[in-house]
Amino acid sequence: MTESSSVVKSRKRRGPWITAPFLAALEWIRNPQSRIFALRILVTLSLLIAAAICGTINYLTLSGNERQYAISQYNSITEQGLVSMVQRFARMNTGTLVLAKSYGFAFPDFKEWPNVAVNGFYETVPLLSEVSALDNMYFCPLVLGREQLDNFTEFAYNYWASQPNLPPFAGYSLAGRGIWSTDPRQTDLSKFFYLDKTGEVLTYESLYNNGTWFPVFQLTFSEDIGPNNLGLNSHSQEIFGVPGDIQRKCVNDSASYESAVSDCGSLSNLIPLPIPSPIDPFPTLTGLQAFITQPVVLRDPVDSTQGLFVGTVGGFFNWATLLSRTVPTYVEGIDCVISTGAVYFTYSIVEGESIFKGLGDSH
């Protein structure tokens with residue numbers, strides 16, 4: 001009995017301490033001013049929560065719209081650039097094909113070859129080069145045997161001397177007067193250039209070694225290629241000789257004249273700029289170029305349905321020139337990564353102009 005009374009007394013003593021906060025809160029709520037203050041807080045919190053929710057929804061919606069717009073704009077610009085490049089390649093191919101056919105139609109008699117030259121070359125072909133989006137264009141006849149070489153050499157130097165567009169040194173190398181080649185294995189400048197009397201290929205496996213020349217005979221000029229290249233036996237260099245050999249074999253193996261004309265063109269491998277030389281064998285790479293080439297094909301005098309390979313024409317292009325103006329000038333942050341199947345290289349487009357970033361994928 002004594003213990004129970006003690007517990008009751010203890011509970012009575014703790015009762016006011018437990019209920020006092022609740023009573024105070026109830027009294028605060030009963031106060032009209034307190035209810036107004038609480039309502040204001042509730043409304044304010046509701047507005048803040050609503051604003052946060054609306055802001056978040058708007059942000060997510062606008063971000064999604066901006067992302068979709070950016071993707072759409074990027075796809076549109078890049079597709080436009082790709083279409084522009086495809087069209088330029090088509091013009092290049094058409095331009096070189098027109099030039100190749102011009103030689104074939106102008107000199108259909110096989111007996112005239114290789115001593116042929118298109119009249120007005122330096123007045124007309126630069127215009128064709130410009131329309132074709134090429135930096136320059138060239139013509140290399142096929143010369144076979146020493147007798148043809150001697151006759152062609154005399155014919156070529158007479159032609160070069162008669163052209164007012166050419167400088168007096170046209171066709172002359174450090175080796176002197178004559179069809180010349182270079183031996184990149186040599187570091188001595190006096191041995192790097194040599195008069196090519198045999199047509200022997202020294203630096204790669206040729207399908208047609210010895211007694212074969214592809215001299216650079218008619219050539220328009222650009223920033224990278226000048227008249228100092230006239231007279232070069234391009235067959236001695238792998239970058240030119242391999243496509244020439246492949247074209248010659250392609251024409252010989254073609255089922256008809258028409259297929260030889262239309263199916264034997266090719267695109268070269270990459271050519272570094274500037275081109276290495278004995279003076280600077282390892283120059284700093286500033287860009288890349290390549291060339292499109294087509295065979296000059298005559299109708300075989302024995303069987304007119306078949307083609308006869310007599311030379312090659314082509315056109316050089318700088319990748320920087322090809323990529324420039326492919327996207328609008330106001331577009332920034334576009335990198336073009338190009339693959340040849342074996343090599344990647346990257347150009348950056350800045351205000352419509354292309355800038356070489358280097359080999360590899362560096363976008």
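Quick note: numbers below take in every heavy atom, side chains included, and nothing from hydrogens, waters or symmetry partners.
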> Hey, quick one: are Phe193 and Phe240 part of the same hydrophobic cluster, counting side-chain heavy atoms closer than 4.5 Å, chains of contacts allowed?
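Result: yes, single cluster for both.
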> Is there a side-chain contact between Cys264 and Ser254, using heavy atoms and a 4.5 Å cut-off?
yes
> Looking at side-chain heavy atoms only, is the closest gap between Val118 and Phe107 below 4.5 Å?
yes
> Going by the ring pair (Phe, Tyr, Trp, His ring centres under 6.0 Å) test, name the single residue among Phe152, Phe217, Phe169, Tyr172 that passes it with Tyr157.
Tyr172
> Less than 4.5 Å apart, any side-chain heavy atom of Leu285 and any of Phe345?
no
> Could Asp245 and Lys249 be called an ion pair, given the rule that one side-chain N must be under 4.0 Å from one carboxylate O?
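Between Lys249 and Asp245 there is no salt bridge, as every charged N stays at least 4.0 Å from the carboxylate O atoms.
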> So among Gln247, Gln294, His235, which one has a side-chain contact (heavy atoms from CB on, under 4.5 Å) with Thr312?
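When Gln247, Gln294, His235 are each tested with Thr312, the side-chain contact (heavy atoms from CB on, under 4.5 Å) holds only for Gln247.
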> Under the 3.5 angstrom rule, does the side chain of Ser132 hit a backbone N or O of Ser129 as a donor-acceptor pair?
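Answer holds: no.
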> Over 60° means perpendicular and under 30° means parallel, so classify the ring planes of Phe317 and Phe89, tilted if in between.
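Because their plane-to-plane angle is over 60°, the rings of Phe89 and Phe317 count as perpendicular.
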> Give, for atom CD1 of Ile179 and atom CG of Leu230, the distance between the pair rounded to the nearest 0.5 Å.
9.5 Å
> State whether Glu130 and Arg91 are salt-bridged, where the test is any N-O pair (Lys NZ or Arg NE/NH1/NH2 against Asp/Glu carboxylate O) under 4.0 Å.
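Salt bridge between Glu130 and Arg91, a charged N being under 4.0 Å from a carboxylate O: no.
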> Is a side-chain N or O of Gln289 found less than 3.5 angstrom from the main chain of Leu270, in a donor-acceptor match?
no
> Checking Ser181 against Asp196 for the side-chain hydrogen bond (donor to acceptor under 3.5 Å, both in side chains) test, could you report, in this order, the C-alpha distance in whole Å, the side-chain angles of both residues, the deciding distance, and whether it holds?
CA-CA 6 Å; Ser181 294; Asp196 195 340; 2.7 Å; yes
> May I ask you to decide if the ring planes of Phe214 and Phe309 are parallel, tilted or perpendicular, using 30° and 60° as cut-offs?
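Judged by the thresholds at 30° and 60°, the geometry between Phe214 and Phe309 is perpendicular.
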> Under 3.5 Å, is there a donor on one side chain and an acceptor on the other for Glu154 and Asn115?
no
